[in-house]
**Student:** 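Sharing a structure, written as C-alpha cells. Questions coming.
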Amino acid sequence: MTKHTPPPASDTVNSVTRLGKRLNRSFFARSVHEVAPELIGATMLVDGVGGIIVEVEAYHQSEPAAHSYRGPTPRTMVMFGPPGVAYVYRSYGIHWCINFVCEPEGSAAAVLIRALQPTHGIPAMRRRRGLHDERTLCSGPGKLTGALAITNRHNGLALDAPPIEIHARREAPEIASGPRIGITKAVELPWRYGLKGSRFLSKAFPDDKLR
DNA sequence: CTCTTGATCTTCT
DNA sequence: GAAGATCAAGAGC
C-alpha cells in the first residue's frame with residue numbers, strides 16, 4: 001500500500017504540492033485592491049488542473065475600463081451579486097476570460113486572472129492547447145482558460161466548491177505592479193499585479209528587469 | 001525581435 | 001456598424 005506518486009516536475013518552485021488552506025467566500029468579500037495583490041502566489045485549480053497565479057488585474061465599477069461600469073447586463077450580472085464566484089466572459093468573440101468577483105454585494109468589482117505558472121495537470125493542459133512550452137501554456141487570460149477548459153458554464157460558480165479550488169499562498173511573495181494591459185480607458189491606474197521576476201507572465205512589468 | 005492581421009461574440013452607439 | 005480586459009501566425013527587419 002506504499003504507493004509513492006512522485007511530485008510533479010517543477011522548475012523554479014520545488015514545493016508546489018504543498019498547498020495553503022482553501023480560500024473561502026470571506027476572502028473575496030473585501031476591496032479588490034486588497035484581494036488582487038494577495039492572490040499573487042495563490043494556486044488555482046479547476047478539476048485538479050491549474051497552477052500558481054502570477055498575474056492579475058483589478059477592475060471596479062467606478063472606473064470606465066470595468067465591464068460593470070455601465071451597470072448590469074446579462075453578461076455582467078454575476079458581478080452585481082455576492083462575492084466569491086467566477087465571472088466568465090467571451091473576449092473578442094474567441095476566448096474566455098475568468099475573473100473572481102470581490103467586494104460586498106452592491107459593489108461590482110472583480111479580479112481578472114491573467115497568467116498562471118502551470119503546476120498541476122500539465123499533460124492535460126498541453127493536450128488542450130496543442131504543443132506549447134510550459135512558459136506560454138497559461139501566459140495570458142485567454143490561454144489559461146483554454147488550458148483549464150474554462151467556459152461560460154463556469155460563470156457564476158462558487159470559487160470554494162468543486163470543480164474550482166483556490167488555495168492561499170504560504171508566504172508573501174514580492175509583487176510588481178503597473179498599468180493594466182489591453183485597455184484604452186483608465187490606462188493610468190496601476191491595477192495590474194504580478195509575481196516579481198516570474199517567467200510565466202503575459203508580459204514583463206515596466207520596472208521589473210527579467211531574464 | 002517588432003508589426004500586422006484575421007478570427008468572430010457581446011455590447012454599445 | 002464599431003469596439004473590445006485576446007491570441008496565433010506570418011511578414012519584415
Side-chain angles (χ1 to χ4, degrees), chain A residues 28 31-33 35-37 39-40 44 46 51 53-81 83 85-103 107-118 125-157 159 176-195 198-206 208-211:
Chain A
F28 299 98
S31 162
V32 273
H33 304 301
V35 174
L39 282 171
I40 299 300
M44 168 186 182
V46 176
I53 298 172
V54 297
E55 181 183 340
V56 302
E57 287 174 357
Y59 287 87
H60 187 272
Q61 190 176 6
S62 60
E63 43 91 12
H67 289 171
S68 53
Y69 182 62
R70 294 165 196 278
T73 67
R75 177 177 69 158
T76 63
M77 192 170 50
V78 302
M79 280 194 286
F80 291 83
V85 302
Y87 161 50
V88 179
Y89 72 94
R90 183 74 97 165
S91 171
Y92 288 88
I94 308 277
H95 312 286
W96 299 103
C97 293
I98 186 168
N99 296 249
F100 297 166
V101 175
C102 295
E103 311 225 342
S107 171
V111 178
L112 172 68
I113 309 303
R114 288 194 55 91
L116 305 179
Q117 173 178 341
M125 292 195 261
R126 277 195 215 284
R127 211 177 310 125
R128 290 163 176 164
R129 296 247 309 126
L131 294 178
H132 277 93
D133 73 277
E134 210 166 299
R135 180 170 172 165
T136 55
L137 213 44
C138 297
S139 62
K143 298 181 191 178
L144 71 91
T145 54
L148 275 60
I150 293 167
T151 68
N152 61 337
R153 81 182 189 281
H154 296 91
N155 190 42
L157 292 189
L159 299 172
S177 67
R180 295 173 294 182
I181 304 283
I183 57 170
T184 56
K185 299 168 202 158
V187 292
E188 70 285 358
L189 299 175
W191 290 358
R192 175 178 178 235
Y193 302 97
L195 179 59
S198 173
R199 303 164 48 237
F200 299 91
L201 302 172
S202 69
K203 191 181 174 199
F205 281 81
D208 193 8
K209 305 291 182 243
L210 304 180
R211 160 110 318 108

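Labels below follow one simple rule: chain letters A, B, ... track the order of the sequence lines, proteins then strands, and each chain is numbered from 1.
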**Student:** Give the rounded distance in Å between these two atoms: CG of A:D133 and C1' of C:dA8.
**Tutor:** 14 Å

**Student:** Could you grab the distance from atom OG1 of A:T73 to atom NE2 of A:H67, nearest 0.5 Å is fine?
**Tutor:** 9.0 Å

**Student:** Return the nearest nucleotide to the side chain of A:P141; candidates are C:dG4, C:dC7, C:dA8.
**Tutor:** C:dC7

**Student:** Between C:dA5, C:dA8, C:dG4, which nucleotide gets closest to the side-chain atoms of A:R129?
**Tutor:** C:dA8

**Student:** How many Å lie between CG on A:N99 and P on C:dT6, as a whole number?
**Tutor:** 11 Å

**Student:** Mind checking A:L112 for me? I need base, sugar-phosphate or nothing, with any heavy atom below 4.0 Å counting as a touch.
**Tutor:** base

**Student:** Of the non-hydrogen atoms in A:A115 and A:F200, which two are nearest, and what is the gap between them?
**Tutor:** CB-O, 3.4 Å

**Student:** In this structure, how many angstroms lie between the P atom of C:dA3 and the CD1 atom of A:I183, rounded?
**Tutor:** 17 Å

**Student:** Mind checking the CG-OG spacing from A:L144 to A:S202? Nearest 0.5 Å is all I need.
**Tutor:** 10.0 Å

**Student:** What is the distance from NZ of A:K203 to P of B:dC3, rounded to the nearest Å?
**Tutor:** 11 Å

**Student:** Rounding to a whole Å, what distance do you find between A:L201:CG and C:dC7:P?
**Tutor:** 13 Å

**Student:** Looking at CD of A:E55 and NZ of A:K203, how far apart are the two atoms once the value is rounded to the nearest 0.5 Å?
**Tutor:** 10.0 Å

**Student:** Is there a Watson-Crick or G-U wobble partner for C:dA8 with both distances under 3.5 Å, and which nucleotide is it?
**Tutor:** B:dT5

**Student:** With the six-membered base ring of C:dA5 as reference, does the ring of A:Y89 sit under 5.5 Å away with planes under 30° apart?
**Tutor:** no

**Student:** To the nearest 0.5 Å, what is the distance between SG (A:C102) and CG (A:L39)?
**Tutor:** 7.0 Å

**Student:** Do any side-chain nitrogens or oxygens of A:S202 fall under 4.0 Å of OP1 or OP2 in C:dT6?
**Tutor:** no

**Student:** Once you round to the nearest 0.5 Å, how far does CZ of A:R114 lie from OH of A:Y193?
**Tutor:** 14.5 Å

**Student:** Test your reading of the model: is there a side-chain donor-acceptor pair from A:Q61 to the backbone of A:A66, 3.5 Å cut-off?
**Tutor:** no

**Student:** Please check the phosphate of C:dA8 (OP1 and OP2 only) for any side-chain N or O of A:K143 closer than 4.0 Å.
**Tutor:** yes

**Student:** If the sugar-phosphate is the primed atoms plus P, OP1 and OP2 and the base is the rest, what is the B/S/- string for nucleotides 6-13 of chain B, using protein heavy atoms under 4.0 Å?
**Tutor:** -BBBSSSS

